[in-house]
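First the structure, in the form of structure tokens, and then the observations on it.
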Amino acid sequence: MAGATVASPLCTWLVAACMSVACDEERPLGRRSSFPGWRRRVPLSGGEGRGLPRRLISALRGSGIQGLMSSFLALEPCAEFYSSRNGLAFVGKNGFSPFGQWNAESTRRQRRAAHSSPSSGKKVMSIAMQPETEGAQKKRMQTKQRRVAVTGMGVVTPLSHDPDIFYEKLLEGVSGISEIETFDCSSYPTRIAGEIKSFSSDGWVAPKFSKRIDKFMLYMLTAGKKALENGGVTEDVMSQLDKARCGVLIGSAMGGMTIFNDAVEALRISYKKMNPFCVPFAATNMGSAMLAMDLGWMGPNYSISTACATSNFCILNAAHHILRGETDVMLCGGSDAAIIPIGLGGFVACRALSQRNADPTKASRPWDVGRDGFVMGEGAGVLLLEELEHAKQRGAEIYAEFLGGSFTCDAYHMTEPHPEGTGIILCIEKALAESGVAREDVNYVNAHATSTPSGDLKEYQALIHCFGQNPELKLNSTKSMIGHLLGAAGAVEAIAAVQAIRTGWVHPNINLDNPEENVDVNKLVGSKKERLDVKVALSNSFGFGGHNSSILFAPYQ
């Protein structure tokens, strides 16, 4: 106990001393000359990107891939950091720091001086603690006043790669599910998917780079840049953004499966045949990282992988960065491209997929008695979230307001939902509490509903438990038309929820020919689109491992 009493003020003093180190002269991070995109942007070259500001085209065009990799490794502190006599935050054994030599004798003198007089020790504590307390109070005050707006949307889906056309097709009840064409799956019991038949990254990603990366990353980069264009982030707007307060948080459930699979096949011959970039290009975080490098955004940058709940986790965490005052702008969402032999085979082995091969457009049928499993899909969804006042100052169109959300874990089974829906109910109730939304105000739910026998009913029962008394409540499932986009599902469905708020129309549930006996069809959107003045929209996403997530949107007022 005595040791702890001494260590506590000492550690606090050391932290304060470390934080006082200042570098008068700013140094660039990394060898920027090896990655030209840090200094300039490459002009567009037509394709889908016409009209997109030149700043948003991939900075990787014409740059060597080795230059890209070397830029990851060239970070070092400035000279003043090495020469500081105030001590370092990270000290190794024998008085050495990984960043340079630590002046142990100087630090011992400072420590003795700090403890030589009780009054001096108290003074150090006062200096160290007071600014921290004031800063925390100031941040809490700012957090209460900050709001999060949705100002941009980007999609890559089996129906369309434009958010407005995508939603128009949803309202029309068009199915994007068809026979798989990218590989021979004639020997598989499932031969259908929400496969993207036509896709071009021209004008969005440098051609040389697009040939090297996995499709999940290609979809992510394209959807992210489309979200910026959709949000009116022109070259002029980009030049005025504080890049240190702009971040990227886009995840993936499966990551670069094609890249990794090809590496395994190459390894069968020799490790020398392996792609040297198979590890970074297979990692789930690298899409967010590459997009941030291209844009020069230096704020929070990481990915979250929670199976099919990935997008919602990313969206909510991105919003939290804004609400806490850490950022003003965040690109967030998810991307997956797992319709390859190993991906299809893996889910077939789980016995999770529909086998309605003769009629693909009828295969995904949430809440219908004839459902026999989900249908795989692929694509990406990215939202541009922005602090409300920041968005208003630049004159952005505000599509909706993000209110909040929550996560829980079933802690029950890897793939099956809790039989009583406990985790789902807890997640929804926590989301309502965090956002301050009354349950009677939620009148639209874009459900997770994947067309599986148990999952659809457990979610429905949980929703009725929470909102069943609301006569205006309407539920639908976007998966009935595009299948299950895995880690991208939540973001694409969040965009559908935002579009419902914007348009006043909710899309139909197709293939609901024979609803489950215990399902109230009056709560479900029918076979045609329906008018609905959305007060608050809830979007659910759940994932293998018992991950539950719920997020809330409302019209901006």
Side-chain angles (χ1 to χ4, degrees), residues 143-144 146-150 249 251 304 306-324 330 332-334 381 383 385 388 400-412 417-418 420-449 455 458-470 472-478 489-498 500-501 506 523 534-543 545-557:
T143 299
K144 292 179 181 179
R146 292 173 74 86
R147 296 164 66 182
V148 179
V150 180
L249 209 177
I304 296 172
T306 48
C308 302
T310 290
S311 285
N312 277 13
F313 274 69
C314 290
I315 293 168
L316 182 51
N317 276 277
H320 283 166
H321 284 297
I322 296 174
L323 290 171
R324 289 195 297 261
M330 293 291 296
C332 55
L383 286 82
L385 299 185
L388 180 61
E401 182 174 358
F402 180 85
L403 300 182
S406 185
F407 323 123
T408 61
C409 178
D410 277 350
Y412 171 74
H418 192 284
E420 297 176 3
T422 307
I424 300 173
I425 293 171
L426 178 62
C427 186
I428 293 171
E429 290 180 343
K430 286 180 65 178
L432 295 173
E434 180 192 300
S435 56
V437 172
R439 63 184 65 227
E440 57 269 20
D441 288 337
V442 178
N443 62 341
Y444 169 55
V445 177
N446 190 299
H448 181 65
K458 296 307 176 187
E459 181 184 13
Y460 172 82
Q461 290 163 0
L463 290 170
I464 294 303
H465 174 88
C466 294
F467 308 113
Q469 300 303 313
N470 187 346
E472 296 181 1
L473 180 67
K474 287 294 180 180
L475 316 177
N476 64 9
S477 173
T478 305
V492 171
E493 291 159 16
I495 288 170
V498 171
I501 291 171
V506 290
K523 301 294 186 185
V534 180
K535 296 177 182 176
V536 177
L538 172 77
S539 182
N540 280 338
S541 283
F542 314 130
H547 303 293
N548 304 308
S549 60
S550 299
I551 55 177
L552 294 154
F553 300 91
Y556 166 61
Q557 296 176 346

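Basis for what follows: all heavy atoms, side chains included, without hydrogens, waters or symmetry-related copies.
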Between Thr478 and Asn446, a side-chain donor and acceptor under 3.5 Å: yes
Is the shortest heavy-atom distance from the side chain of [X] to the side chain of [Y] under 4.5 Å?
X	Y	answer
Arg147	Tyr556	yes
Glu429	Arg439	yes
Ile315	Phe402	yes

Audit row: Leu463, Leu473, side-chain contact (heavy atoms from CB on, under 4.5 Å) steps and yes/no: CA-CA 10 Å; Leu463 290 170; Leu473 180 67; 5.5 Å; no
Spatial distance of atom CG (Leu538) from atom CD1 (Ile428) [nearest 0.5 Å]: 5.5 Å
Point-to-point distance, once rounded to the nearest 0.5 Å, from NZ of Lys523 to CZ of Phe467: 11.5 Å
Can you tell me if [X] uses its side chain to pair, donor with acceptor, with the backbone of [Y] under 3.5 Å?
X	Y	answer
Glu459	His448	yes
Ser435	Gly404	no
Ser539	Ile551	no
Asn548	Phe542	no
Ser549	Ser541	yes

Glu440 CD: over 12 foreign heavy atoms closer than 6.0 Å: yes
Worked check of side-chain contact (heavy atoms from CB on, under 4.5 Å) between Leu552 and Val442: CA-CA 9 Å; Leu552 294 154; Val442 178; 4.3 Å; yes
Test log, rule side-chain contact (heavy atoms from CB on, under 4.5 Å), inputs Asn317 and Phe407: CA-CA 10 Å; Asn317 276 277; Phe407 323 123; 3.4 Å; yes
Ring geometry between Tyr412 and His418 (parallel below 30°, tilted from 30 to 60°, perpendicular above 60°): tilted
side-chain contact (heavy atoms from CB on, under 4.5 Å) between Asp410 and Thr422, intermediate numbers included: CA-CA 7 Å; Asp410 277 350; Thr422 307; over 6 Å; no
